[in-house]
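Encoded as structure tokens, the structure appears first; notes follow it.
Just so we're on the same page: letters track the sequence lines, and every chain starts at 1. Quick note: numbers below take in every heavy atom, side chains included, and nothing from hydrogens, waters or symmetry partners.
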Number of protein chains: 2
Amino acid sequence: MALEHAILVALLEQPASGYELARRFDRSIGRFWTATHQQIYRVLKRMEADGWVTAEQVGQEGRPDKRRWSAAPPGRAALAEWLHAPVQPEAVRHELAVKIRGAAFADPAGRAALVAEVERYRADHEAVLARYLAGERRDFPDPADPDARAALQHVVLRGGIAYERMVLAWLDDVLATLRDLDRPTP
Amino acid sequence: MALEHAILVALLEQPASGYELARRFDRSIGRFWTATHQQIYRVLKRMEADGWVTAEQVGQEGRPDKRRWSAAPPGRAALAEWLHAPVQPEAVRHELAVKIRGAAFADPAGRAALVAEVERYRADHEAVLARYLAGERRDFPDPADPDARAALQHVVLRGGIAYERMVLAWLDDVLATLRDLDRPTP
DNA sequence: TCCTGCTATGCAACGAGTTGCATAGGCAAG
DNA sequence: CTTGCCTATGCAACTCGTTGCATAGCAGGA
């Protein structure tokens with residue numbers, strides 16, 4: 001289970017409350033590791049019991065108190081150990097690929113609905129790519145990144161950009177293939 | 001949950017026993033939808049109760065009997081309905097990306113271990129790509145696919161090929177970045 | 001001969017992850 | 001002024017998915 005480790009990395013990059021972590025997982029981190037606030041609160045509690053993280057109470061005016069979490073030395077040690085462990089092959093769950101193969105057993109109306117859905121899905125990915133590119137211009141304007149942290153965050157972001165570009169090109173291929181199926185043969 | 005639908009597509013493409021399904025999920029289908037045999041048996045039972053699939057007992061010489069499952073009309077109807085539903089955004093869980101960002105908080109020895117791990121991971125993906133390309137040459141030698149089913153299977157496979165190529169290029173980028181961190185500055 | 005591995009199905013227990021709900025004050029729009 | 005949204009944390013119940021184990025006959029290698 002790597003949610004613990006994803007949280008450790010996030011807290012080392014910047015201490016945060018559970019709520020803030022959840023929002024960061026919705027934004028940048030969430031692009032390669034998703035988690036709901038429920039999971040994050042539960043795991044933080046377990047990590048606190050294990051001494052991996054420590055909390056500091058922060059009072060705020062006009063809103064509820066929060067607990068700012070930081071990675072503790074045992075957490076850093078656990079992270080270092082985990083970095084040595086083999087990477088598990090990703091468990092792929094690509095719903096769209098299943099639907100595309102399923103379209104072979106649908107009628108033209110069903111395939112038309114799938115085309116519309118793929119177009120919507122494509123627009124989503126186009127928006128994600130635009131967001132990545134804007135983030136890259138904002139956070140990494142200099143091609144030579146100043147420190148290790150920036151260089152590594154940047155290479156992960158480049159991976160996201162490459163992924164989105166690949167998806168967009170593939171979706172064009174998918175749309176052309178789906179449209180060809182119901183085109184009257186000349 | 002789309003495991004039901006993935007099984008329906010697999011059974012429409014070719015009726016099979018639970019065991020055979022599990023192996024197909026390990027091979028071709030498993031590249032975009034993973035499932036263990038436990039899950040498959042359990043879900044098949046539920047689908048049978050819902051009337052989505054029917055089983056036919058097949059006796060075999062010298063080995064245990066098996067139950068050959070086929071998609072029933074209610075299953076086909078459920079699949080058609082599902083094709084109209086919006087595609088859920090994929091829940092990404094990319095362990096390697098977490099490790100790469102975590103490498104910012106590791107010492108040079110830890111980063112060296114990660115480099116070795118990335119190289120192993122890269123070799124895995126190179127093997128997957130080779131398997132995809134071999135499968136493409138074997139199953140889709142003709143650029144114009146004969147029927148809808150072949151055309152759609154082919155476009156999904158092309159997606160897998162594009163994904164693996166993108167991953168390999170990105171891993172080269174990752175390796176160069178990681179190696180740069182601990183290179184003595186000139 | 002024994003050990004390993006393959007086909008074939010399944011139970012039981014556990015851990016991971018989701019969904020719904022609750023609290024509670026503040027802020028902004030209609 | 002009321003409805004909805006944002007910050008902030010958390011419980012409870014549920015489903016999904018994994019792991020370990022069991023059965024059982026047969027085939028092949030050490």
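Qualifying ring pair (Phe, Tyr, Trp, His ring centres under 6.0 Å) partners for A:Tyr121, counting only residues two or more places apart in sequence or in other chains: A:His125. In terms of the side chain to side chain donor-acceptor pair (under 3.5 Å) criterion, residue partners of B:Asp172 (sequence neighbours excluded) are, by chain and number, B:Arg122. With sequence neighbours excluded, the residues that form a salt bridge (Lys or Arg N to Asp or Glu O under 4.0 Å) with B:Asp124 are B:Arg120. For A:Arg23, there are no side chain to side chain donor-acceptor pair (under 3.5 Å) partners, not counting sequence neighbours. For A:Glu48, the side chain to side chain donor-acceptor pair (under 3.5 Å) partners two or more places apart in sequence, or in a different chain, are A:Arg67.
To the nearest angstrom, P of D:dT9 lies 16 Å from CD of A:Gln39. The distance from atom CG of B:Leu44 to atom P of C:dA8 is 14 Å, rounded to the nearest whole Å. When rounded to the nearest whole Å, the span between NE2 of A:His37 and P of C:dG20 equals 12 Å. Taking atom CD on A:Glu20 and atom P on D:dC6, their separation rounds to 16 Å, with Å as the unit. What separates CD of B:Glu56 from P of C:dA8 is a distance of 14 Å, to the nearest Å. The distance from atom CG of B:Leu3 to atom P of D:dC16 is 9 Å, rounded to the nearest whole Å. Per the geometry, CD belonging to B:Gln38 stands 12 Å off P belonging to C:dA12, to the nearest Å. Whole-Å rounding puts the A:Arg67 CZ to D:dT7 P distance at 20 Å.
OP1 or OP2 of D:dA24 has not a single side-chain nitrogen or oxygen of B:Lys66 nearer than 4.0 Å. The phosphate of C:dG10 (OP1 or OP2) has no side-chain N or O of B:Tyr41 nearer than 4.0 angstrom. For D:dC16, one of the phosphate oxygens OP1 or OP2 lies less than 4.0 angstrom from a side-chain nitrogen or oxygen of B:Arg46. Applying the 4.0 Å criterion to OP1 and OP2 of C:dT19, one finds that A:Thr36 has every side-chain N and O outside that range.
When each of B:Trp69 and B:Arg42 is assigned the nucleotide of DNA chain C with its nearest heavy atom, B:Trp69 is the one assigned upstream, toward the 5' end. Nucleotides of DNA chain C nearest to B:Arg93 and B:Arg68 differ in position, and the one nearer the 5' end is that of B:Arg68.
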Query - Pair pattern of DNA chain D in dot-bracket, where unpaired bases get dots and | marks partners in another strand, Watson-Crick or G-U under 3.5 angstrom - result: ||||||||||||||||||||||||||||||
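Less than 4.0 Å separates DNA chain C from no heavy atom of any residue of residues 7-16 of chain A.
To the nearest 0.5 Å, atoms CG (A:Asp26) and CG (A:Leu21) are separated by 11.0 Å.
No salt bridge links B:Glu20 with B:Arg68; every basic N to acidic carboxylate O contact stays at or beyond 4.0 Å. Taking 4.0 Å as the cut-off between side-chain N and carboxylate O, B:Glu117 and B:Lys99 do not count as a salt-bridged pair.
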Less than 3.5 Å apart, which donor and acceptor atoms pair up between the side chains of residues 149-161 of chain A and the rest of the protein, not counting sequence neighbours?
residue, atom, partner, partner atom, Å
A:Arg149, NH1, A:Glu13, O, 3.1
A:Gln153, NE2, A:Glu13, OE1, 3.4
A:Gln153, NE2, A:Glu13, OE2, 3.2
A:His154, ND1, A:Asp145, OD1, 3.3
A:His154, ND1, A:Asp145, OD2, 3.0
A:His154, ND1, A:Arg158, NH1, 3.4
A:His154, NE2, A:Glu136, OE2, 2.8
A:Arg158, NE, B:Asp173, OD2, 2.8
A:Arg158, NH2, B:Asp173, OD1, 2.9
A:Arg158, NH2, B:Asp173, OD2, 3.4
A:Arg158, NH2, B:Thr177, OG1, 3.4

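Closest to the side chain of B:Lys45, from the set D:dA8, C:dC11, C:dA8, is C:dC11.
Among residues at least two apart or in separate chains, ring-ring contact (aromatic ring centres under 6.0 Å, His included) pairs with a member in residues 66-89 of chain A are A:His5-A:Trp82.
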